[in-house]
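First the structure, in the form of structure tokens, and then the observations on it.
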2 protein chains.
Amino acid sequence: MAEKIIPDIVVSRLPLYLQALEYLQKSGKTITSSKELGAHSDISAAQVRKDLSFFGEFGKQGSGYDIAYLYSEISRILNVDHVWDVALIGSGYLGHAIAHYPGFVEHGFRIKYVFDNNPAKIGQELGGHIILSSEKMVELIKKDGIKIAMLTVPSRVVQEVADQLVQAGVKAILNYAPVPLIVPEGIRVETVRPILQLEHMTYYL
Amino acid sequence: MAEKIIPDIVVSRLPLYLQALEYLQKSGKTITSSKELGAHSDISAAQVRKDLSFFGEFGKQGSGYDIAYLYSEISRILNVDHVWDVALIGSGYLGHAIAHYPGFVEHGFRIKYVFDNNPAKIGQELGGHIILSSEKMVELIKKDGIKIAMLTVPSRVVQEVADQLVQAGVKAILNYAPVPLIVPEGIRVETVRPILQLEHMTYYL
DNA sequence: TTCTGTGAACCGCTTCACAGCG
DNA sequence: CGCTGTGAAGCGGTTCACAGAA
């Protein structure tokens with residue numbers, strides 16, 4: 001438990017390794033190398049080894065890394081070796097897409113509740129869930145100790161909803177609205193920004 | 001046109017400035033500073049000034065930056081000072097969300113075609129578009145010279161579709177499937193990875 | 001005075017290169 | 001011999017600090 005401080009940039013690459021390992025495992029491999037792992041995540045072999053060495057010695061000199069073992073180790077490091085309950089707020093088109101996408105639950109993120117503030121939607125079914133009123137949001141999230149929320153509400157109400165989520169005890173917010181959120185110290189926010197990704201690419205066109 | 005090579009990391013911050021400027025403009029401001037701009041994009045003031053100085057001298061010493069002017073300059077640099085036609089491939093839940101989201105067209109990305117390979121979907125209407133057969137994809141993209149595509153097809157066919165897009169002349173792909181794409185030199189790919197963003201946050205929980 | 005633009009200093013990440021182990 | 005783990009070197013991005021213009 002003697003956790004040295006790991007550079008955030010290193011942490012941000014671990015999910016990439018996880019994804020590459022998943023792919024390698026599906027292709028029937030059981031052993032890989034830093035070179036191969038790097039090739040599948042667009043990272044240099046030296047970088048892969050250096051990153052992993054922050055957390056321990058997972059490889060075997062001469063042979064490489066056991067894929068299943070390394071996968072389980074990185075999962076443990078990232079805290080994704082168990083299922084997280086997640087609250088989805090906003091049941092528009094994007095909320096629908098998220099609720100029906102199997103990838104989240106396959107990676108350990110299970111939607112527990114879906115909330116919306118539109119009375120016309122409350123009570124409707126969405127991906128196996130009954131859409132609940134936002135008024136019950138804080139109470140239910142508190143009751144279940146939910147720590148992660150996905151936000152697909154309109155930009156103008158995102159901050160307000162985020163404030164409520166923080167109050168309810170949520171510690172990590174995946175924000176799909178194109179606005180920066182202001183949250184207290186200790187709360188993590190990641191924003192999904194496809195438009196920024198497009199604008200990044202158009203520079204080179 | 002004497003383009004010095006700009007670090008990609010600098011380019012990747014320009015969309016953030018654009019977003020911050022948009023916000024500042026909406027709040028009624030006409031002038032800003034590197035400090036304020038940085039505060040709204042979570043970047044240091046020195047970094048903002050350094051980044052902008054790669055492209056020219058947009059500010060006025062003593063007063064700051066004219067928001068409308070800087071916005072137009074960055075738009076020009078990023079090639080988003082005009083509308084791009086975009087092809088959307090895949091009309092599942094995510095395709096629906098994208099087709100109905102107004103943010104893309106507001107930022108200059110107009111969906112021109114929607115393609116799907118599911119016969120049951122072809123001919124149906126989606127966000128003002130008739131869903132077309134994938135068989136017509138290459139032909140139509142070539143005809144219109146479309147350079148940007150958004151991909152919301154299942155992982156197992158992404159690479160195949162991407163290959164066709166490249167063949168059709170597409171130069172930038174926004175990929176929503178959680179798999180790395182292999183494309184020729186000169187083709188840009190950005191992948192939207194919400195699961196990786198979640199896994200990044202769980203590390204700190 | 002304020003705030004930009006920028007060389008220089010600094011810092012941290014990446015790469016190198018090799019000892020060491022299987 | 002192959003490949004990891006890692007100190008050291010190298011490099012590039014960030015921050016500093018200040019000259020200069022409004």
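Since the model is a prediction, treat every value here as computed from it, not as a measurement. A, B, ... follow the sequence lines: proteins, then strands. Residue 1 opens every chain.
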May I have all residue pairs that pass side-chain hydrogen bond (donor to acceptor under 3.5 Å, both in side chains) and include part of residues 58-74 of chain A, sequence neighbours excluded?
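Those involving residues 58-74 of chain A are E73(A)-R76(A).
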Quiz question: by atom type and distance under 3.5 Å, do the side chains of [X] and [Y] form a donor-acceptor pair?
X: H107(B); Y: E199(A); result: no
X: Q47(B); Y: D51(B); result: yes
X: D8(A); Y: Y203(B); result: no

Going 5' to 3' along DNA chain C, which are the first and last nucleotides with any atom under 4.0 Å from a heavy atom of chain A?
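Endpoints of the contacted stretch of DNA chain C: dC13(C) to dG22(C).
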Under the side-chain contact (heavy atoms from CB on, under 4.5 Å) rule, collect the residues that match up with F104(B), sequence neighbours excluded.
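Counting only residues at least two positions away or on another chain, F104(B) forms a side-chain contact (heavy atoms from CB on, under 4.5 Å) with P194(A), I195(A), L198(A), I98(B), Y101(B), F109(B), M150(B), Y176(B).
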Determine: side-chain N/O of R49(A) to OP1/OP2 of dG7(D), distance under 4.0 Å, yes or no.
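Indeed not, no polar side-chain atom of R49(A) lies that close.
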Please name the pair of heavy atoms, one in A87(A) and one in I141(A), separated by the smallest distance, quoted to 0.1 Å.
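Heavy-atom minimum between the residues: CB-CD1, 4.0 Å.
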Could you tell me how far apart Q47(A) (CD) and dC11(D) (P) are, to the nearest whole angstrom?
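So the two atoms are 16 Å apart, to the nearest Å.
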Do T191(B) and I173(B) have side-chain heavy atoms sitting under 4.5 Å apart?
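No, every pair of side-chain atoms sits at 4.5 Å or beyond.
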Does D42(B) CG have over 12 foreign heavy atoms under 6.0 Å away?
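No, CG of D42(B) has 12 or fewer neighbouring heavy atoms, counting only those of other groups under 6.0 Å.
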Distance-only check: which donor-acceptor pairs under 3.5 Å involve side-chain atoms of residues 130-139 of chain B, not counting sequence neighbours?
| unit_1 | atom_1 | unit_2 | atom_2 | d |
| --- | --- | --- | --- | --- |
| S133(B) | OG | E135(B) | N | 3.0 |
| S134(B) | OG | D116(B) | O | 3.2 |
| S134(B) | OG | N117(B) | N | 3.2 |

H129(B) and Y113(B): aromatic ring centres closer than 6.0 Å?
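Judged by ring-centre distance (under 6.0 Å), H129(B) and Y113(B) do not meet the cut-off.
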Nearest-nucleotide pick for Q61(B), side chain only, options being dT4(D), dT14(D), dA21(D):
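Shortest atom-to-atom distance from the side chain points to dA21(D).
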With the threshold set at under 4.0 Å for non-hydrogen atoms, list the residues of residues 28-39 of chain B touching DNA chain C in residue-number order.
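Under 4.0 Å from DNA chain C: S33(B), S34(B).
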List in numerical order all residues of residues 64-77 of chain B for which some heavy atom is under 4.0 Å away from an atom belonging to DNA chain D.
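Listed by number, there are none.
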Toward the 5' end of DNA chain D, by each residue's nearest nucleotide, G56(A) or I9(B)
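The answer here is G56(A).
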